[in-house]
Number of protein chains: 2
Amino acid sequence: MFPAMRVKISGLDPHQQYYIAMDIVPVDNKRYRYVYHSSKWMVAGNADSPVPPRVYIHPDSPASGETWMRQVISFDKLKLTNNELDDQGHIILHSMHKYQPRVHVIRKDCGDDLSPVKPIPSGEGVKAFSFPETVFTTVTAYQNQQITRLKIDRNPFAKGFRDSGRNRMGLEALVESYAFWRPSLRTLTFEDIPGIPKQGNNLICKRNKLI
Amino acid sequence: MFPAMRVKISGLDPHQQYYIAMDIVPVDNKRYRYVYHSSKWMVAGNADSPVPPRVYIHPDSPASGETWMRQVISFDKLKLTNNELDDQGHIILHSMHKYQPRVHVIRKDCGDDLSPVKPIPSGEGVKAFSFPETVFTTVTAYQNQQITRLKIDRNPFAKGFRDSGRNRMGLEALVESYAFWRPSLRTLTFEDIPGIPKQGNNLICKRNKLI
DNA sequence: TAATTGGCACCTAGGTGGTAACAT
DNA sequence: ATGTTACCACCTAGGTGCCAATTA
């Protein structure tokens with residue numbers, strides 16, 4: 001998933017151990033199609049049947065609150081797939097659906113049975129955070145030239161496809177309109193429910209069998 | 001350092017947390033030179049003045065005894081240098097000296113002030129293990145064509161220098177004579193002092209400013 | 001003379017979008 | 001007609017020995 005989700009956390013007990021994890025849940029019960037002439041995603045029927053739920057446990061887990069709060073927490077190793085039989089531990093999603101990533105902060109004593117293939121426990125000592133501006137639509141091929149340009153211009157691994165110099169015009173405005181691309185980080189505060197919903201921006205993810 | 005040190009550990013308390021670390025200590029107070037016609041390392045004076053001691057803390061630290069015992073513990077990220085002013089946290093050694101790597105198993109409560117630039121604490125809850133067959137001589141350029149061949153034939157990153165096919169004769173015997181290259185792992189048992197000294201084999205390490 | 005350094009070509013390992021072929 | 005896949009060239013990032021130049 002590019003760009004990767006990145007967060008900062010405050011309000012943890014420095015000496016308490018925590019797991020941090022991410023899962024990705026459907027935004028609604030719909031399947032979408034992209035209408036080129038209006039540049040919009042439109043409902044195209046009901047969602048496909050549910051897929052096995054998966055959890056990405058941040059590889060630094062478990063770690064102390066002090067450790068988590070000292071660094072920017074990046075989920076750049078999280079992988080997506082549309083293969084329901086995946087055995088690589090990747091998060092399984094349907095293509096052409098809308099999804100919401102969620103960050104989970106789990107006190108160690110509540111997360112010792114945490115597993116990539118089991119739902120995240122709930123209750124005291126477990127908090128979930130959703131940032132509405134990170135909602136995205138899954139695809140296997142980009143539907144929109146602006147998204148392709150953003151991907152190419154922002155991802156170091158796509159440098160080989162960059163337009164050298166010309167055609168740069170309009171990029172800044174484009175970045176502005178997709179909130180997730182802004183360099184700012186969201187900050188989670190463990191004791192509060194964060195994030196007054198802002199205007200949702202769709203972020204499109206794709207990769208091969210990975211969506 | 002190639003080949004990397006790899007160990008298995010048994011006898012830990014599965015539910016206890018441990019740090020695992022490595023340091024590298026001088027074998028003697030001598031400096032060496034390689035005598036080509038006799039294919040031997042000879043004493044060439046007294047050792048250079050001591051360098052700042054450094055510790056490599058295994059990146060999986062701290063972890064439970066269960067975790068440590070389940071896996072082969074590899075030190076393949078450990079780096080050496082001959083630069084006494086190094087600021088990358090590498091282990092500092094003199095070239096043309098003999099060294100002994102040591103593996104340290106440190107109960108978490110005894111290692112919370114562990115640092116790459118501080119000596120390893122000693123006492124109850126800390127055990128050190130040395131394997132005499134891993135003694136090596138530091139160089140900045142190989143002194144011996146057999147060593148060069150071993151390095152090239154065994155290291156995936158040196159594939160570009162391999163002799164395709166011919167000249168393979170004699171490699172197996174060469175591997176045999178350098179104990180450290182054998183695929184076997186040494187097993188540490190936490191409660192025992194391991195390793196009846198075997199015939200020492202010199203393993204030669206080099207890399208640029210890294211020795 | 002012997003030891004060391006820095007730049008190089010050559011690898012491993014893996015993350016990109018493009019594109020043609022394939023599937024639905 | 002649309003969505004998906006497999007393979008490709010092109011990158012990033014970093015670990016090798018080689019070799020010519022430099023240093024002591």
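By convention in this document, chain letters (A, B, ...) are assigned in the order of the sequence lines, proteins followed by strands, and residues within each chain are numbered from 1.
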Kindly point out which of [options] is positioned nearest to the side chain of [X]?
{"X": "B:T148", "options": "D:dG17, C:dG15, C:dT5", "value": "D:dG17"}
{"X": "A:K159", "options": "D:dC11, C:dG18, D:dT4", "value": "D:dC11"}
{"X": "B:F2", "options": "D:dT16, D:dG3, C:dT16", "value": "D:dT16"}
{"X": "A:A158", "options": "C:dT12, C:dT16, C:dA3", "value": "C:dT16"}
{"X": "B:N155", "options": "C:dG17, C:dA3, D:dT16", "value": "D:dT16"}
{"X": "A:F157", "options": "D:dT4, D:dC11, D:dG17", "value": "D:dC11"}

[X] [atom1] to [N] [atom2], straight-line distance once rounded to whole Å:
{"X": "A:K77", "N": "D:dA13", "atom1": "NZ", "atom2": "C1'", "answer": "11 Å"}
{"X": "B:I152", "N": "D:dT16", "atom1": "CD1", "atom2": "P", "answer": "12 Å"}
{"X": "B:M96", "N": "C:dT5", "atom1": "CE", "atom2": "P", "answer": "13 Å"}
{"X": "A:K151", "N": "D:dT12", "atom1": "NZ", "atom2": "P", "answer": "18 Å"}
{"X": "A:F75", "N": "C:dG15", "atom1": "CZ", "atom2": "P", "answer": "18 Å"}
{"X": "B:K79", "N": "D:dG15", "atom1": "NZ", "atom2": "C1'", "answer": "7 Å"}
{"X": "B:I147", "N": "D:dG17", "atom1": "CD1", "atom2": "P", "answer": "11 Å"}
{"X": "B:W41", "N": "C:dA2", "atom1": "CH2", "atom2": "P", "answer": "13 Å"}

Open item on the list: Can you tell me how the ring of A:H94 sits relative to the ring of A:H97, calling it parallel under 30°, perpendicular over 60° and tilted otherwise?
Closed with: tilted

- [ ] Please work out whether the ring planes of B:Y99 and B:F136 are parallel, tilted or perpendicular, with thresholds of 30° and 60°.
- [x]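 Because their plane-to-plane angle lies in the 30° to 60° range, the rings of B:Y99 and B:F136 count as tilted.
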
Open item on the list: I'd like to check A:L150 versus A:I152 (side-chain heavy atoms, cut-off strictly below 4.5 Å). Are they in contact?
Closed with: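 A side-chain contact under 4.5 Å is absent here.
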
Do any N or O atoms of the protein come closer than 3.5 Å to N or O atoms of nucleotides 21-24 of chain D, and which pairs are they?
none

- [ ] Would you check if the distance from the ring center of B:F75 to the ring center of B:H58 is below 6.0 Å?
- [x] yes

- [ ] Return yes if some donor-acceptor pair links the side-chain N/O of A:T138 with the main-chain N/O of A:M96 below 3.5 Å, else return no.
- [x] yes

Task: Distance below 4.0 Å between A:N82 side-chain N/O and D:dT5 OP1 or OP2 - done: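 So the side-chain polar atoms of A:N82 do come within 4.0 Å of the phosphate oxygens OP1 or OP2 of D:dT5, strictly under.
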
Task: Side-chain N,O (A:S95) to OP1/OP2 (D:dT4) below 4.0 Å - done: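 Yes.
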
Open item on the list: Reading DNA chain D from 5' onward, which residue's closest nucleotide shows up sooner: A:Y32 or A:P156?
Closed with: A:Y32

Open item on the list: Do the side chains of A:R54 and A:D86 get close enough for a salt bridge, i.e. N-O under 4.0 angstrom?
Closed with: yes

Open item on the list: Can you work out whether B:R33 or B:F161 has the more 5'-proximal nearest nucleotide on DNA chain C?
Closed with: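 It is B:R33 whose nearest nucleotide is closer to the 5' end.
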
- [ ] State which residues pass salt bridge (Lys or Arg N to Asp or Glu O under 4.0 Å) with A:E66; sequence neighbours excluded, sorted by chain then number.
- [x] A:R70

Would you give me the side-chain donor-acceptor pairs under 3.5 Å for residues 43-52 of chain B, sequence neighbours excluded?
from: B:N46; atom 1: OD1; to: B:K30; atom 2: NZ; distance (Å): 3.0
from: B:D48; atom 1: OD1; to: B:R31; atom 2: NE; distance (Å): 3.4
from: B:D48; atom 1: OD2; to: B:R31; atom 2: NH2; distance (Å): 3.2

